[in-house]
Amino acid sequence: KKKALDPFLKKDWYDIKAPSMFSVKQVGKTLVTRSQGTKIASDGLKGRVFECSLADLNQDEDQAFRKMLLKCEDVQGKNVLTNFHGMDFTTDK
C-alpha cells in the first residue's frame, strides 16, 4: 500500500507582481508544482490569469467593483511578472 503523501510538499510559493501602471506592486502569491525532470515550474505559471480588484491595485476603495485580469508573462526567480489582460465588473456597486 502506498503511503498518503501531502500534495503541498511538492509545491512552491511565487510572488505575483503587478504591472507598473498600478500603485501596488505585490498583488499576492500563487502555488505551482516544483520543477522535476523535464517539467519546469515556470512553464506551469506562464499563461495563468490572475483576477484582482482595482481597489487593491490602486488603494482606492471607490473602484472596488472593477476586476482586473493580469496574465503571467515571465518568471524571474520567485517573482511572477504580469501584464494587463482585461477588465471585468462585479454585480455590486
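Please read these numbers as outputs of a predicted model, since none were measured by experiment.
Checking side-chain atoms of Asn58 against main-chain N and O of Asp60 turns up no donor-acceptor pair under 3.5 Å. In this structure, the side chain of Thr82 does not engage the main chain of Leu70 through any donor-acceptor pair within 3.5 Å. A donor-acceptor pair under 3.5 Å is absent between the side-chain atoms of Asp12 and the main chain of Arg34, judged by distance alone.
Looking at Leu31 and Phe8, their side chains come closer than 4.5 Å, going by heavy atoms from C-beta outward. When side chains are defined from C-beta on, Lys29 does not count as touching Ile16, because their heavy atoms never get closer than 4.5 Å. In this structure, the side chains of Phe22 and Leu54 come closer than 4.5 Å at one or more pairs of heavy atoms. Residues Thr30 and Trp13 have side chains not in contact (no heavy-atom distance under 4.5 Å, counting atoms from C-beta outward). Within the 4.5 Å cutoff, the side chain of Gln76 has heavy atoms near those of the Asp74 side chain. At least one side-chain heavy atom of Leu5 sits less than 4.5 Å from a side-chain heavy atom of Lys10. Residues Val32 and Arg48 have side chains in contact (heavy-atom distance under 4.5 Å, counting atoms from C-beta outward). Between Phe89 and Lys67 there is no side-chain heavy-atom pair separated by less than 4.5 Å.
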**Asked** Can Lys78 and Asp15 be said to form a salt bridge (charged side-chain N to carboxylate O under 4.0 Å, His left out), step by step?
**Response** CA-CA 6 Å; Lys78 288 274 184 215; Asp15 294 327; over 6 Å; no

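No continuous path of hydrophobic side-chain contacts links Val24 to Leu69 [ILVMFWY only; heavy atoms under 4.5 Å]. Transitive grouping of hydrophobic side chains (ILVMFWY, heavy atoms separated by less than 4.5 Å) keeps Leu57 and Val49 in distinct clusters. Residues Phe50 and Tyr14 share a hydrophobic cluster, clusters being chains of Ile/Leu/Val/Met/Phe/Trp/Tyr side chains in contact below 4.5 Å.
One finds the NZ atom of Lys46 at 8.5 Å from the CD1 atom of Ile40 (value rounded to the nearest 0.5 Å). Between Gln59 atom CD and Ser23 atom OG the span is 5.0 Å, to the nearest 0.5 Å. Annotation: the span from Gln63 atom CD to Glu61 atom CD amounts to 10.0 Å, rounded to 0.5 Å. For the atom pair CD (Glu51) and CE (Met87), the distance works out to 12.5 Å, reported to the nearest 0.5 Å. For the atom pair CG of Leu45 and CG of Asn79, the computed distance is 11.0 Å after rounding to the nearest 0.5 Å.
Taking each heavy atom of Ala41 and Ser35 in turn, the nearest pair found is N-OG, 2.9 Å. Closest approach of Ala64 and Ala55 over heavy atoms only: CA-CB, 3.6 Å.
A donor-acceptor pair shorter than 3.5 Å can be found between the side chains of Thr33 and Lys11. When only modelled atom types and interatomic distance are considered, Ser53 and Arg66 share no side-chain donor-acceptor pair under 3.5 Å.
Counting heavy atoms of neighbouring residues, nucleotides and ligands inside a 6.0 Å radius, atom CD of Gln36 does not exceed 12 of them.
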